[in-house]
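Heads up: numbering here begins at 1 and tracks the sequence. All of these numbers come straight from a predicted model, not from anything done at the bench.
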Amino acid sequence: MKRGVLRFTACCLAAGMTVGGTGTVAFASRDTELAGIHTYAEESQEETAAQQTETTEDSAETEAAAESTEAAAEENTEANAETESVETESTEAAETEAAVDTSLNGTQAFAQCDEYINVRSSADTDSEVVGKVYNNGSVTILGQTGDWYEVQSGNVTGYVKADYFATGSEAEVIADEVGYNVATVHPEALMIRSEPSEDSEAIGMAEGSDQLEVVAYEGDWMKVALDADTYGYVNAYYVSYDTYYSTAETLEEEQARLDQQWLDYLAEQEAEQRAAEEAYLAAIAEQEAQAAAEQQAAADAAAQAAAEQQAAADQAAAEQAAAAYQEYLDAQAAADAATQQADEQAVVDAAAQAQAEYQEYLNAQAAADAQAQAEADAAAQAQAAAEQAAAEQAAAEQAAAEQAAAEQAAAEQAAAEQAAAEQAAAEQAAAEQAAAEQAAAEQAASEDTSYTDTSASSSLGQEIANYALQFVGNPYVWGGTSLTNGADCSGFTQSVFANFGIGIPRTAASQSGSGSSVSLDSLQAGDLIFYGDGGIGHVALYIGGGQVVHASSSTTGIIVSNYNYRTPVSASRYW
């Protein structure tokens, strides 16, 4: 019985497993395996030694008892030998398993670092860097060699140090925190409500294929974000639910992103310079307007003062003339009285007096007019001098503004020429890269003799292919589903089929698992072809003649390629 238990235990340990009380088999460490074997071996040796001691001390017992003791000792010796053999086999199995560990294959892991982790071409820190995974980025483990994981993430496949990645329950917590959850609308129109109820107020409407950010899943309803401060609910029955995670970048993708960031920075700097120039010109215009207003106010004040002085002079002259005229009337009345009294001399004298007083009035009026004219001339001269000074000031400020504008224009021209040169260099590099990839794809296609085109494509499949081709040249946007403004590979195919009323899943992996499976040697226009290493990571639409149209990358956008530019994995038909 003991020998049977020992053999069973040794087999489990050699396989890298432990047996629990419920009968479930789980992986154990190499140290635990060896410790378990040594413990049982030591117990067996102690038991044998005790039996031998008892046999020596009890030499007076019967020969049959001695033979029984010897038989037990031999059995324990055989058990020890078997234990040592199992230990050796277990050790060798454990060492082999440590070399290539497949227990985590297909597991999702998340990078935990300050900034990023290098992905290398082999499990060696001196090997080539083929990509980068940034903090909290997601990878799929393809295998483990020592303390290195072989991983696939985005368009990157390579090796990373296992110490910098979280798996298991820790990865599940991180996935909940960093995952971007998206609900894709299936009906042509779907109401977004204020509460998780069909009776609540409708606060918006989503159209078919729209993607909404999901912030919570509450029973039969999903809480979605409409903007930064507005949330609503959609019925989960009418949408599909996907979660996206940040993935690794190839060095080429990283360089393209950095180039775009530099172009965005240049555009931002240009916008800031333009805004500063406009603010400067506006300030100058405001200063000029204020100076003109002040000068006009001074001129108006001078004119007002001159008018007031003229009015005062006119008033004084009028009063003086009125007084003189009254004196004249009084004198005339006296003369009339004297005439009536027949006093001719008195009449003559009164008339002379009146004439003299009237002359004084005329003289006073002339003097007042001369004074008013002199004051008006002085005011006009002061206003002319002020206007001349204002004109000279405006001319000087205009010259300064034109000089500043000319200098600013020269600086902007230099910056634009530099940006254009850098853009031309980036476009040239991208064109050379695309040409190289196209040449390699055409070479591979010319060498491939396994392709068979069943060109008896259905009219619907050909219509789907023809419709997709009109979007060649449009941009690639990760997570996008717009045929004109940008889509990723699966968003492109989903939106193309949606135009024909055909609903397919959102991701390439999900699309490969649905539809009708098609042999790669029986392809027709309108079929979907899937690619990937260790899992489906890309999808393209077959258009006939050995070619596909697909949303390739952020560098090339939506393009036409040979169907075997990468090794195809499978194909599906939805029409």
Side-chain angles (χ1 to χ4, degrees), residues 227-229 263-332 354-420:
D227 55 41
D229 301 315
L263 295 177
D264 293 342
Y265 170 76
L266 292 178
E268 181 181 354
Q269 291 297 309
E270 182 179 354
E272 291 179 357
Q273 291 176 354
R274 188 180 300 109
E277 177 187 355
E278 292 174 353
Y280 172 73
L281 295 177
I284 291 177
E286 182 179 358
Q287 291 175 357
E288 292 175 350
Q290 183 176 359
E294 291 175 354
Q295 292 169 358
Q296 185 61 41
D300 292 343
Q304 180 66 24
E308 291 176 353
Q309 292 175 355
Q310 181 63 39
D314 292 343
Q315 180 66 24
E319 291 175 354
Q320 185 176 3
Y325 185 65
Q326 185 59 44
E327 291 177 357
Y328 163 73
L329 293 177
D330 293 343
Q332 185 63 43
Q355 183 65 35
E357 291 174 352
Y358 181 66
Q359 185 62 44
E360 290 178 0
Y361 158 72
L362 295 178
N363 293 338
Q365 181 65 37
D369 291 343
Q371 178 65 23
Q373 183 62 40
E375 292 175 351
D377 293 342
Q381 291 176 357
Q383 183 172 359
E387 293 175 351
Q388 177 66 22
E392 293 175 354
Q393 177 67 20
E397 293 174 349
Q398 178 65 22
E402 291 176 353
Q403 178 65 22
E407 294 174 354
Q408 180 66 22
E412 291 176 352
Q413 179 66 22
E417 291 175 353
Q418 181 179 357

For the student: nearest non-hydrogen atoms of E288 and Q398, plus distance
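So the minimum-distance heavy-atom pair works out to OE2-N, 4.2 Å.
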Given Q310 and D314, is the side chain to side chain donor-acceptor pair (under 3.5 Å) satisfied, shown in steps?
CA-CA 6 Å; Q310 181 63 39; D314 292 343; 2.8 Å; yes
If you round to the nearest 0.5 Å, how far is OH of Y265 from CD of E270?
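Reported to 0.5 Å precision, the distance equals 12.5 Å.
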[X]-[Y] side chain donor-acceptor pair, cut-off 3.5 Å:
X: Q373; Y: D369; result: no
X: Q290; Y: E286; result: no
X: Q371; Y: E375; result: yes
X: D330; Y: Q326; result: yes
X: N363; Y: Q359; result: yes

Does D227, at its CG atom, have more than 12 non-hydrogen atoms belonging to other residues, nucleotides or ligands within less than 6.0 Å?
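Enclosed.
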Full working for side chain to side chain donor-acceptor pair (under 3.5 Å) between E277 and Q273:
CA-CA 6 Å; E277 177 187 355; Q273 291 176 354; over 6 Å; no
Under 4.0 Å between a side-chain nitrogen and a carboxylate oxygen: does that hold for R274 and E278?
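No, this pair does not count.
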